[in-house]
Amino acid sequence: VQLQASGGGLVQAGGSLRLSCAVSGRTFSSYVMGWFRRAPGKEREFVAVVSWSGTHTDYAEFMKGRFTVSRDNAKNTVYLQMSSLEPEDTAVYYCAAGTQFSSRECLFDFWGQGTLVTVSS
């Protein structure tokens, strides 16, 4: 399984971005998909997770309703729609695939290379 994240870039505070993560292989729908991020000088942290069918989602507390995770199993792609971005959201964002609906990094088996999001003030 290979994951390719894209959609990062430079955006002003208050703006929006949509990240995408394309997953190779024919078993995409058998994976729970998560998004994590690593801000400069900090450890990687959980952002959001979506269940196999997309019915269930969970978010980190700091999301405050600003981010939405979704998936399209026909396109083998998971998305993270981010709005009302703040400078504190600056980070490398990673997508990951696992078999358990969880926010724990250790339960995700496959990782993408990350895409950089920079939010200017």
Side-chain angles (χ1 to χ4, degrees):
V1 177
Q2 293 186 325
L3 290 72
Q4 180 72 43
S6 61
L10 175 64
V11 63
Q12 289 188 333
S16 299
L17 276 177
R18 188 177 81 156
L19 305 183
S20 299
C21 177
V23 181
S24 66
R26 294 177 291 178
T27 59
F28 175 70
S29 61
S30 66
Y31 289 104
V32 169
M33 297 300 301
W35 285 97
F36 295 80
R37 72 182 187 183
R38 177 179 282 131
K42 296 185 178 181
E43 294 186 352
R44 189 159 58 186
E45 62 180 349
F46 167 73
V47 175
V49 61
V50 59
S51 63
W52 303 264
S53 64
T55 303
H56 301 290
T57 59
D58 191 20
Y59 298 91
E61 286 296 321
F62 65 78
M63 294 297 100
K64 300 177 183 178
R66 300 182 297 124
F67 293 7
T68 301
V69 62
S70 62
R71 65 191 295 163
D72 186 336
N73 286 349
K75 295 182 178 180
N76 281 19
T77 302
V78 61
Y79 305 97
L80 184 68
Q81 178 68 49
M82 306 185 294
S83 60
S84 301
L85 284 163
E86 304 167 351
E88 292 74 21
D89 294 317
T90 294
V92 176
Y93 284 73
Y94 299 88
C95 57
T99 56
Q100 296 189 47
F101 188 79
S102 174
S103 62
R104 298 172 60 189
E105 282 190 47
C106 62
L107 295 180
F108 288 83
D109 303 308
F110 304 99
W111 292 80
Q113 85 291 355
T115 185
L116 176 62
V117 172
T118 303
V119 183
S120 63
S121 57

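Atoms considered below: every heavy atom in the structure, side chains included; atoms not considered: hydrogens, waters and symmetry mates. Everything numeric here is computed off the predicted structure, so don't read it as measured data.
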Heavy atoms, side chains only, cut-off 4.5 Å: are [X] and [Y] in contact?
X: Phe36; Y: Val49; answer: no
X: Val50; Y: Tyr79; answer: no
X: Met82; Y: Arg66; answer: no
X: Asp89; Y: Val117; answer: no
X: Met33; Y: Val69; answer: no
X: Ser120; Y: Leu10; answer: yes

Where do Phe46 and Ser102 come nearest, in terms of heavy atoms and distance?
CE1-O, 4.3 Å
Sidechain-backbone polar pair: [X] side chain, [Y] backbone, donor-acceptor under 3.5 Å:
X: Ser83; Y: Ser16; value: no
X: Arg71; Y: Phe28; value: yes
X: Asn73; Y: Trp52; value: yes
X: Thr77; Y: Ala22; value: no

Working to the nearest 0.5 angstrom, can you tell me the gap between Cys21 SG and Tyr94 OH?
13.0 Å
Distance (rounded to the nearest 0.5 Å) between Phe101 CZ and Thr55 OG1
10.0 Å
So does Gln113 have more than 12 non-hydrogen atoms from other groups sitting under 6.0 Å from CD?
yes
Those residues at least two apart in sequence (or on a different chain) that pass salt bridge (charged side-chain N to carboxylate O under 4.0 Å, His left out) with Arg44 are Glu105
If two hydrophobic side chains count as joined below 4.5 Å and joins carry through other members, does [X] share a cluster with [Y]?
X: Val23; Y: Trp35; value: yes
X: Leu107; Y: Val47; value: no
X: Val119; Y: Leu80; value: yes
X: Met63; Y: Val32; value: no
X: Tyr93; Y: Leu17; value: yes

